[in-house]
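Report on the following structure.
Each chain gets a letter, A, B and so on, in the order its sequence line appears, and its residues count up from 1.
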2 protein chains.
Amino acid sequence: MSLGGEQFGGRASLTRQISDDIRARILAKEWAPGEKINSEAELAEKYKVSRVTVRTALKTLEYQGLLDIRHGSGTYVNDFGRAIPTGLHELRSMSETIREMGYSPSMEFKVSEIRNASEKEMEKLQLDLPEQVLYLERAVLADGKPVAFSYDTISISSLSEAVVEQMKSGSVFASLDTINSRPIRALAELNAVISKEIGWGPDRPKNDLFLLLEQVHYSGEGDPMMYSKTYFIEGRFQFLILRTR
Amino acid sequence: MSLGGEQFGGRASLTRQISDDIRARILAKEWAPGEKINSEAELAEKYKVSRVTVRTALKTLEYQGLLDIRHGSGTYVNDFGRAIPTGLHELRSMSETIREMGYSPSMEFKVSEIRNASEKEMEKLQLDLPEQVLYLERAVLADGKPVAFSYDTISISSLSEAVVEQMKSGSVFASLDTINSRPIRALAELNAVISKEIGWGPDRPKNDLFLLLEQVHYSGEGDPMMYSKTYFIEGRFQFLILRTR
DNA sequence: GGCTGAAAGTTGTAGGACAACTATTGACTA
DNA sequence: TAGTCAATAGTTGTCCTACAACTTTCAGCC
């Protein structure tokens, strides 16, 4: 059984590798919704790890709403229709999330420039001086149709020019992956917004209604890396949450 | 060290009792934000449980965004300004959430009646026949000020008349607690809504803008118990989410 | 002062054991 | 036959002990 965890230098914990792998297996419909998966003992043997590690991984997936662990009975795949719980708690790139939902993600760049940070950006990114930042305006597409408009400001003082150049037209998270410095945490706020200033193009919603996810991403050292405002077009993107006790 | 877990007949797991207790201690500011809490070994000794149990409890709180567990270093209380992560993933009553945020919760009943279920309600509650349901319209107040309007439909076919009567003017969750049948899961959807039909009174938002949390609550046996639409007044309630990898 | 390496402290993983709970089976009874 | 009940096997929850992996501290040395 090969895991192919650790994508780069930084090695993910064993628990994380297994949790990721089982998550992928669930989303790949290896088990039907409601079906009982292998017992912890079996999984531990297959993955060649201890039961403790498997248990921790399964617990994570239970938190994420994918599994239901029943004492004395077994562990079952949760039934959530066609949609996948959005996982607001898990830090994933938009592209990854869209892909997991079964669509094909893409981006459409509208603005992509390096300029001085505004006052609000300085505050959010904890900059003392108005240094240079990378500013992006993009439409997020699923199967070619816009589902959100994203306004991102990225602190580039500690990034090489090559990486910055890459970000200007590709995925921000993927670029950060190449230097192994993807953010590991984000503090997000959710708001309902109505505004004529947001979005562009023919697929822009006529009622000006958006669900705004405003967040600051932090590096492993706790430094702010990116400040982004993502405006989800109401009705185009399903925010599904499985809540548990 | 007394835990006072199991509030009624149903016994909560050890892990859950400890997780709840530590959560309360964190929210009571027993440790400052950023501060390192006791080691797992210490906690295990204090609570008189194994380290495994403590670890599981801490993992839960880490997932909820309250703690940061660092390998080789220790476990730290997360720093999130004044606000408490809303915990969209944890199933809590509105009152509990508001109380945890440091406000005093209350309810204002507008409608409270028993009537036949509508078609949509029948679908959501999985009823074959249009049986009787309890319908409530309430304003949710924090420190006397409305933060949300809630429209709830409760399946009462399996409830005693006394419990139903209690719900008509008190907390739904508290009433369900008395017979030990609080829902353990909810499937929720989040939307931005603009509507003139929602809410009432002088504190109703003039811009008609709400964040709608529409959800179905399920019992331990998987049966739908309640269908509710809670319209949060945009700007009055902070939906704060800590996202982690 | 600054570097090095040992040591102590903490979380992560292992393995084995038993407790607690669930689901199934089959015997027994009315 | 249908229903009840007890035994049983299977699964998750908790405990114990030990060690690996990592971080922080600090004494000792240059």
Could you list the protein-to-nucleotides 25-27 of chain D atom pairs, N/O on both sides, closer than 3.5 Å?
none

Just the atom pairs and distances: protein N or O near nucleotides 22-24 of chain C's N or O, under 3.5 Å.
residue: C:dT22; atom: O4'; partner: A:G72; partner atom: O; Å: 3.3

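Not a single salt bridge (Lys or Arg N to Asp or Glu O under 4.0 Å) links A:E42 to another residue, sequence neighbours left out. Every residue two or more places apart in sequence or in another chain that forms a side-chain contact (heavy atoms from CB on, under 4.5 Å) with B:R16 is listed here: A:R245, B:A12, B:S13, B:D20. The side-chain contact (heavy atoms from CB on, under 4.5 Å) search around B:E123 returns none, not counting sequence neighbours. Qualifying ring pair (Phe, Tyr, Trp, His ring centres under 6.0 Å) partners for B:F173, counting only residues two or more places apart in sequence or in other chains: B:H217. By the side-chain contact (heavy atoms from CB on, under 4.5 Å) test, B:S104 pairs with B:D143, sequence neighbours left out. With sequence neighbours excluded, the residues satisfying ring pair (Phe, Tyr, Trp, His ring centres under 6.0 Å) with B:Y151 are B:Y231. Not counting sequence neighbours, A:E45 has no partner by the side-chain contact (heavy atoms from CB on, under 4.5 Å) test. Contacts of A:Y63 classified as ring pair (Phe, Tyr, Trp, His ring centres under 6.0 Å), with partners at least two apart in sequence or in another chain: B:Y63.
Using a 4.0 Å heavy-atom distance criterion, A:T75 is classed as a sugar-phosphate-only contact. At the heavy-atom level, B:T56 lies nowhere under 4.0 Å from the strands shown.
In this structure, B:L14 atom CG and C:dA20 atom P are separated by 11 Å, rounded to whole Å. Rounded to whole Å, the distance from CG on B:L58 to P on C:dT11 is 8 Å. Computed from coordinates, the A:D68 CG to C:dC21 P distance equals 17 Å when rounded to whole Å. In this structure, B:L67 places its CG atom 16 Å from P of C:dT10, rounding to the nearest Å. The nearest whole Å value for the distance from the CG atom in B:L43 to the P atom in C:dT11 is 8 Å. Atom CD1 in B:I18 sits about 10 Å away from atom C1' in D:dT14, given to the nearest Å. Rounded to a whole Å, the CZ atom of A:R51 is 14 Å from the C1' atom of C:dT13.
A salt bridge does not link A:E214 to A:K229: none of the charged nitrogens lies less than 4.0 Å from a carboxylate oxygen.
Close to C:dG12, at under 4.0 Å from its OP1 or OP2, lies a side-chain N or O of B:R55. Side-chain nitrogen and oxygen atoms of B:S50 include at least one within less than 4.0 Å of the OP1 or OP2 phosphate oxygen of D:dC15.
Near DNA chain C, defined here as any heavy-atom distance below 4.0 Å, there are no residues from residues 35-42 of chain A.
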Please table the atom pairs, donor to acceptor, closer than 3.5 Å between any side-chain atom in residues 66-73 of chain B and protein atoms at least two apart or in another chain.
residue: B:D68; atom: OD2; partner: A:R185; partner atom: NH2; Å: 3.0
residue: B:D68; atom: OD2; partner: B:R70; partner atom: NE; Å: 3.1
residue: B:S73; atom: OG; partner: B:Y76; partner atom: OH; Å: 2.6

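Heavy-atom nearest nucleotides on DNA chain C were determined for A:V54 and for B:I69, and the one closer to the 5' end corresponds to B:I69.
Taking the side chain as every heavy atom from C-beta outward, B:L190 and B:L212 never approach each other to under 4.5 Å.
Of the inter-residue distances, the one linking B:E121 atom CD with B:Y227 atom OH reads 8.0 Å to the nearest 0.5 angstrom.
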